[in-house]
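What follows is one structure encoded as structure tokens, with my remarks underneath.
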Amino acid sequence: RLLHRPGPPREVAVGPASMAKSQTVKAREGDVLDQDFITPGRFRELDGFRGLAAITVVIYHWGVPATQNYPRIAPAPYDIPLGELGVQLFFIISGFVILLSAIKSGSALKFAISRFSRIYPTYWFALAVSALVYFVYGNPGRHITIPQTLINTTMLQRFLRVDNVDQVYWTLAVELQFYVMVALYLILRRGKIYRRELTTILLTWSVIGTALCLLFHPENSLGGAPKMIVWAAVAEHSSLFSLGMVFFMYSHDRKFTWHIPFFAILASINAALMHDLDHGIGVAFICLIFFVVVYLKNVPVLSRGPLNFLGRISYPLYLGHAMVGYMLLDLFYPVAGQWGSRIIALVLVICFAYLVHISIETKVSASFRSFLTRKLTKA
């Protein structure tokens, strides 16, 4: 037998191509947004922003929209159409929070469990209450059926062309689309988030969104295929979610980039196109205020006090203020008048939201999340 005598170890040639590949891999790994990127501490001002957004939407809906549901309480004592911009603020907050949630989750499955357990239990309870209000007390401005209510439990009614039981539920469908997009990215990247890659995706998404707004506007004139295209692309709100994400990055590394004003400008253009110039200016103002708060880091009026409290109960407050709130306005209007009924309704709706928050939103959602985690993951 011939014995092979081992020779000296072979040297592997490292050429320009392999060196470039190694450097690319290192740069890519250094671009990952992970737990190390997140600075410690809670950004309490976000709760204040949530409270501001929620109370703004409540005030808006309790103007003219309330009289459209219960005509006997007309005319409304005020009309503040720009109050609906609280929703735009919610979408910026969502972009900020969802990127944080995606980083902490580390996988599409854990992210999905986190989001599902966070939004659905409270939504199901609010939906049941709204349906009960309609079927027991009535609402002259709406027509609701039991099949419609059952379809609403999926939160997918918008895509099935079924009307919302409560008019405010349309924003949940938009949020759900955003969550699905983030989950798909986590699936493709196996739980990792690459900053430059994500930013490129956000830029592309936002530019496409504005292009669609230019092509199909204003919103109230849309129907058929154009409306479905605008909905599917989240055209009007893509830049708001994107802005929230870059605000999150800036809040942790304090590196200002041109993406911040770019997304803010696109968001303002979208609002002006789909609504009017006043909405565009309003969105620009919201973007500016959000940046100032992130830059300052410590804004007491948002980090504590009434707005912060309202922010902590903002989700059930948002879900309950319309159908339940309108009923309370109609119920107390004969004895308390226009303003008295609104004060009483506000107190009662806040109490309702607080009770839902300390029970359904916290305890039930936490139990639901633990159950899904046990059943769906190995952890």
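These numbers come from the heavy atoms of this one structure, side chains and all, not from hydrogens, waters or symmetry mates.
- Of the options Phe91, Trp205, Phe178, a side-chain contact (heavy atoms from CB on, under 4.5 Å) to Ser238 is made by Trp205 and by none of the others.
- Between Asp47 and Arg44 there is no salt bridge, since no side-chain nitrogen of the basic residue lies less than 4.0 Å from a carboxylate oxygen of the acidic one.
- The aromatic rings of Phe256 and Tyr250 lie perpendicular to each other, with more than 60° between the two planes, well past the 30° mark.
- Relative orientation of the Phe290 and Phe49 rings is parallel, given thresholds of 30° and 60° on the angle between their planes.
- Within the 4.5 Å cutoff, side-chain heavy atoms of Phe159 are placed close to those of Gln177.
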Pair Glu236-Asn270, side chain to side chain donor-acceptor pair (under 3.5 Å): steps then yes or no: CA-CA 5 Å; Glu236 181 184 348; Asn270 294 352; over 6 Å; no
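- One finds the CE atom of Met245 at 7.0 Å from the CD1 atom of Ile193 (value rounded to the nearest 0.5 Å).
- For the atom pair OG1 of Thr145 and OH of Tyr134, the computed distance is 8.5 Å after rounding to the nearest 0.5 Å.
- Qualifying side chain to side chain donor-acceptor pair (under 3.5 Å) partners for Ser365, counting only residues two or more places apart in sequence or in other chains: none.
- Under a cutoff of 6.0 Å and an axis angle of 45°, Arg118 and Phe116 do not form a cation-pi pair.
- In this structure, a donor-acceptor pair under 3.5 Å is present between the side chains of Ser206 and Ser242.
- Atom NE2 in His321 sits 10.5 Å away from atom CG in Leu329 (nearest 0.5 Å).
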Leu33 and His252: CA distance, side-chain angles, deciding distance, side-chain contact (heavy atoms from CB on, under 4.5 Å) verdict: CA-CA 11 Å; Leu33 296 178; His252 289 274; over 6 Å; no
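- Residue Phe368 places its CZ atom among more than 12 non-hydrogen atoms of other residues, nucleotides or ligands, all under 6.0 Å distant.
- Within 6.0 Å of CD1 on Ile146 lie no more than 12 heavy atoms contributed by other residues, nucleotides or ligands.
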Stepwise side-chain contact (heavy atoms from CB on, under 4.5 Å) test for Tyr70 and Met327: CA-CA 8 Å; Tyr70 291 95; Met327 177 198 69; 4.0 Å; yes
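- Proximity of Arg115 to Ile98: side-chain heavy atoms (C-beta onward) are separated by under 4.5 Å at one or more points.
- Two different hydrophobic clusters hold Leu203 and Leu188 under the rule that ILVMFWY side chains link at heavy-atom gaps under 4.5 Å.
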Check against side-chain contact (heavy atoms from CB on, under 4.5 Å), Glu84 and His279: CA-CA 9 Å; Glu84 63 182 339; His279 279 72; 2.7 Å; yes
Step-by-step ring-ring contact (aromatic ring centres under 6.0 Å, His included) determination, Phe90 to Tyr318: CA-CA 11 Å; Phe90 270 129; Tyr318 178 79; 5.7 Å; yes
Test ring-ring contact (aromatic ring centres under 6.0 Å, His included) applied to Phe43 and Phe96, step by step: CA-CA 11 Å; Phe43 187 37; Phe96 192 106; 5.7 Å; yes
Trace of the ring-ring contact (aromatic ring centres under 6.0 Å, His included) decision for Phe263 with Phe247: CA-CA 10 Å; Phe263 287 132; Phe247 272 144; 9.6 Å; no
